[in-house]
Amino acid sequence: MQINNYYSPNFNKKKRLMNSIKIIVIHYTGMQSERESINRLCNSGSKVSSHFVINRNGKIYRLVQDYQVAWHAGKSCWGKYRNLNKNSISIELVNKGHQFGYTSFNKKQLLSLIKICKNLIKKYKIKKKYIVGHSDIAPLRKIDPGEKFPWKQLAKKNIGIWHDCKPNLLRKFRRIKLFTRQDKVKFIKNLNNIGYCVSVKKRSFFVKIVKAFQRHYRKELINGLPDKECLIIAENLSKKAIKNP
Ligand SMILES: [Zn+2]
């Protein structure tokens, strides 16, 4: 795996222990160009960085060393972890994002991503349920890497979790509302088991969390309303997440 070393000054000066690395967070850069993205991630004024960046051709850049805490997650939460910079490795995929023209990720780009992930999983014994998108850990603020990110395809390579419900059966439950309180409570419990930090303080918060879940696991309809299909998927994922804590 060829890696091009760059340098970003945006990391905590204190080194971390290797065994504090538990999570891989996937992002998109969300800027007009690759150069602009890397410049920003390496500019001390921006206060943001990433361990890795992968361009559209699959070229890999390392901006921050694994043993340094990069600044990419912001206020975030997943499972028992809070403010995930200290526990995570970040990978940015060059993509204009929703703001400037969101496109599918390239095959070469994904092949490089798979290589890096496999490497990190082995090196730091990262569990499947801890391979997540920025929107999963910060659903109130973020929507990257977005619904075009092929989570299902990655799960086939043992990167991240995916459900094993049949798509054509699931389809029948789409848009069927969760009527009972029991079902709603069950859905929230499942989200928590998967890793989502669910807040029902405000309705708008909950809608965003449901959207993050849908963007990841049910991209065909991202409306923020949990339906029966969402419940079935969440239940299946929840069981897997519990089995592999
Ligand atoms: Zn991000």
Side-chain angles (χ1 to χ4, degrees), residues 6 8-12 21-56 59-64 66 68-79 81-106 109-110 112-114 116-117 120 126 129-151 154 159-160 194-197 199 205 208-217 219 222:
Y6 275 41
S8 169
N10 302 330
F11 56 82
N12 293 0
I21 299 171
K22 305 285 185 197
I23 302 162
I24 298 174
V25 182
I26 296 169
H27 304 257
Y28 67 46
T29 50
M31 295 189 85
Q32 292 283 12
S33 71
E34 173 186 337
R35 174 169 300 204
E36 204 183 330
S37 306
I38 292 179
N39 283 348
R40 178 162 184 265
L41 292 166
C42 291
N43 180 325
S44 63
S46 76
K47 305 280 178 214
V48 292
S49 61
S50 176
H51 294 95
F52 298 98
V53 177
I54 307 174
N55 81 3
R56 306 276 303 163
K59 192 168 172 185
I60 302 168
Y61 300 94
R62 182 202 290 279
L63 311 186
V64 176
D66 292 359
Q68 308 283 16
V69 174
W71 302 340
H72 62 96
K75 189 168 187 266
S76 50
C77 173
W78 189 251
Y81 298 99
R82 301 281 174 284
N83 300 319
L84 305 183
N85 283 344
K86 58 188 182 302
N87 299 108
S88 61
I89 296 261
S90 68
I91 306 174
E92 290 268 1
L93 301 170
V94 172
N95 191 308
K96 291 186 182 178
H98 293 81
Q99 203 180 345
F100 299 109
Y102 189 36
T103 48
S104 293
F105 295 92
N106 273 357
Q109 196 173 28
L110 294 170
S112 292
L113 175 69
I114 290 167
I116 299 183
C117 286
L120 294 171
I126 292 171
K129 77 173 252 192
Y130 292 108
I131 300 167
V132 292
H134 201 185
S135 56
D136 294 315
I137 62 165
L140 306 186
R141 302 181 294 115
K142 296 291 175 181
I143 56 170
D144 66 312
E147 61 282 0
K148 290 187 197 288
F149 186 80
W151 288 108
L154 259 75
I159 299 166
I194 296 165
Y196 289 96
C197 301
S199 160
F205 288 2
K208 284 184 175 171
I209 294 160
V210 175
K211 278 189 179 173
F213 168 81
Q214 292 172 333
R215 218 168 243 123
H216 191 139
Y217 295 108
K219 57 184 75 187
I222 302 163

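Numbering of ligands and ligand atoms starts at 1, following listing order. The figures that follow rest on heavy atoms only: side chains count, while hydrogens, waters and symmetry mates do not.
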Interatomic spacing from OH in Y61 to CZ in F52 - rounded to 0.5 Å: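 Y61 OH to F52 CZ: 14.0 Å, rounded to 0.5 Å.
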
CZ of R35: more than 12 outside heavy atoms within 6.0 angstrom?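 Incorrect, the count does not exceed 12.
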
Under 6.0 Å from the six-membered ring centre of Y81 and within 45° of its axis: does the NZ or CZ of K22 meet both?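 No - K22 does not lie over the ring of Y81 by the 6.0 Å and 45° rule.
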
Only to 10 degrees, please: what angle do the ND1 atom of H134 and the ND1 atom of H27 make about the Zn ion (ligand 1)?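 That angle is 90°.
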
For the Zn ion (ligand 1), the closest N/O/S atom belonging to D144: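 Among the N, O or S atoms of D144, the one closest to the Zn ion (ligand 1) is OD2.
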
Please find out if the Zn ion (ligand 1) and some N, O or S atom of E92 are separated by less than 2.8 Å.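 Under 2.8 Å: E92 has no N, O or S contact with the Zn ion (ligand 1).
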
Measuring to the Zn ion (ligand 1), does H72 have an N/O/S atom at a distance below 2.8 Å?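 No, since none of the N, O or S atoms of H72 sits under 2.8 Å from the Zn ion (ligand 1).
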
Would a distance-only check, ignoring hydrogens and angles, find a side-chain to backbone donor-acceptor pair under 3.5 Å from H72 to N85?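 The answer is no, because no donor-acceptor pair under 3.5 Å joins these two groups.
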
